[in-house]
Amino acid sequence: MTQSFTIRRPDDWHLHLRDGDMLRAVLPHSARDFARAIIMPNLVPPVVTGTQAAAYRDRIMAALPAGADFTPLMTLYLTEDTDPDDVARAHADGLIHAVKLYPAGATTNSASGVSNFDKVAPVLDRMAEIGLPLCTHGEVTDSEIDIFDREAVFIDRVLDPIRRAHPALRVIMEHITTADAADYVRSNDSGLAATITTHHLVINRNHILAGGIRPHYYCLPVAKRETHRLALRQAATSGDPRFFLGTDSAPHTDGAKLQPCGCAGCFTAPNTMSILAQVFEEDGALDKLEAFTSLNGPAFYGLPPNETRITLRHETPKHPTSIDTPDGPVTVFDPGFDLHWTT
Ligand SMILES: NC(=O)N[C@@H](CC(=O)O)C(=O)O
Ligand SMILES: [Zn+2]
Ligand SMILES: [Zn+2]
């Protein structure tokens, strides 16, 4: 039995840090295990301009615990009014590493997202030209499309047309939840990748709905049936460089989750590495964990992998079940099994 192993320090290629008190409460949990993270821009109001992204980066740096070694990689929230020159400037300054597409209304704080994709064509052209990737929340929002089909329909109706119209644009499908998305990524040799979350490797839709409704397992895109979870496990543990970790750790207070209409999001920053080590171990793929958490992401983003390392020890971790914030407690994702790897 392996008692410990060491890998390059991981990065999180999809993270919600929020702002203010919540930022200060959750940031230490990411900074402990992760060296860098792609910071999602869906604040209220969203991070739309380079100036706003620089100010948000400063607030994140100011909230870091003393001695932490963590670099936020900023993104801009794509709107129909986004200025291609502003995007290009923020990229040239080394400030932003991606632009995020939210179809209008698809998820938490996405009201300013895109409805008319023709309007963003000039921005996408410029991004393709300068090599700046597009991150997508890949769900259509049409009310007549079943929520469990929204990712697959997005690929056909939105993503594939965008990629045909902008063949040089590099795209990351965020938080994929279906075999359809994994297959679509694998059907392309270059320019397309996907992030996979911790929770989508662990839960299927039964965990949310069978035997009582479990709001802490509700996130978007919503977890699908078991065959899809298994397809995600296969993709994540395969070592295929097109798949890498984006936790989508998305904290909401219990007060906001436990409502007649509760918020979407799972808070996985504290225990992600413990959970992933166990998932990869279970699938006989511990030797592929480093590729998923620490190598494939930087390679796609054109960044060097981290030089520092973390060691995982075979020992019961001491993760909190919830963290306190001035706005109320935030429940940590419960994988439903006892963890035995600790960082
Ligand atoms: N994943 C979620 O369920 N929620 C995210 C938004 C998102 O990533 O879609 C959030 O900001 O809360
Ligand atoms: Zn999303
Ligand atoms: Zn997210």
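Order of appearance sets the numbers: ligands from 1, and atoms from 1 within every ligand. We use all heavy atoms of the structure for the numbers below, so side chains are in, but hydrogens, waters and symmetry mates are not.
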Anything under 30° is parallel, anything over 60° is perpendicular, the rest tilted; go ahead and classify His207 against Tyr217. perpendicular

With rounding to 10 degrees, what does the angle His137:ND1 / the Zn ion (ligand 2) / His175:NE2 come to? 100°

Between the side chains of His16 and Asp248, does any donor sit under 3.5 Å from an acceptor? yes

Intermediate values then yes/no, side chain to side chain contact (heavy atoms under 4.5 Å, CB included), Leu169 and Arg163: CA-CA 7 Å; Leu169 182 66; Arg163 295 189 58 249; over 6 Å; no

Report the nearest protein non-hydrogen atom to atom 3 (O) of ligand 1: residue, atom name, distance rounded to 0.1 Å. Leu220 N, 2.7 Å

Which of the numbered atoms in ligand 1 are under 4.0 angstrom from any heavy atom belonging to His175? 8 (O), 9 (O)

Region of Asn42 that comes within reach of ligand 1 [heavy atoms, distance under 4.0 Å]: side chain

Heavy-atom proximity to atom 8 (O) of ligand 1 ranks first, among His16, Lys100, His252, for His16

Any chance the side chains of Gln3 and His314 put a donor and an acceptor closer than 3.5 Å? no

Using heavy atoms and a 4.0 Å limit, tell me yes or no: is Arg18 in contact with ligand 1? yes

For the Zn ion (ligand 3), find the closest N/O/S atom belonging to Asp248 and write down its atom name. OD1

A cation-pi test, strictly: NZ or CZ of Arg170 under 6.0 Å from the centre of the six-membered ring of Phe300 and no more than 45 degrees from its axis. Yes or no? yes

If we count only N and O atoms by modelled type, under 3.5 Å, do the side chains of Arg18 and His252 hold a donor and an acceptor together? yes

Whether Arg150 side chain and Ile145 backbone form a donor-acceptor pair below 3.5 Å: yes

Looking only at protein heavy atoms, which one is nearest to atom 1 (N) of ligand 1, and how far off is it? Asp248 OD2, 2.7 Å

For atom 4 (N) of ligand 1, closest protein heavy-atom neighbour: Ala264 O, 3.1 Å

Pull out every atom of ligand 1 sitting under 4.0 Å from any heavy atom of Cys219, numbered as shown with elements. 3 (O)

What atom name does the N, O or S atom of His14 nearest to the Zn ion (ligand 3) carry? NE2

For ligand 1, is there an atom lying under 4.0 Å from some heavy atom of Met40? no

Determine whether the side chains of Asp12 and Thr247 contain a donor N or O and an acceptor N or O closer than 3.5 Å. yes

Near the Zn ion (ligand 3), is there an N/O/S atom from Glu174 that is less than 2.8 Å away? no

Nearest-contact summary for atom 6 (C) of ligand 1 - protein heavy atom, Å: Thr107 OG1, 3.3 Å

Kindly give the atom name of the N, O or S atom of His16 closest to the Zn ion (ligand 3). NE2

Quick check on Glu174 - does any of its heavy atoms sit under 4.0 Å from an atom of ligand 1? no

Rounded distance [0.5 Å steps], SG in Cys135 versus CE in Met173: 12.0 Å

Is a donor from one side chain sitting under 3.5 angstrom from an acceptor on the other, for Lys100 and Thr75? no

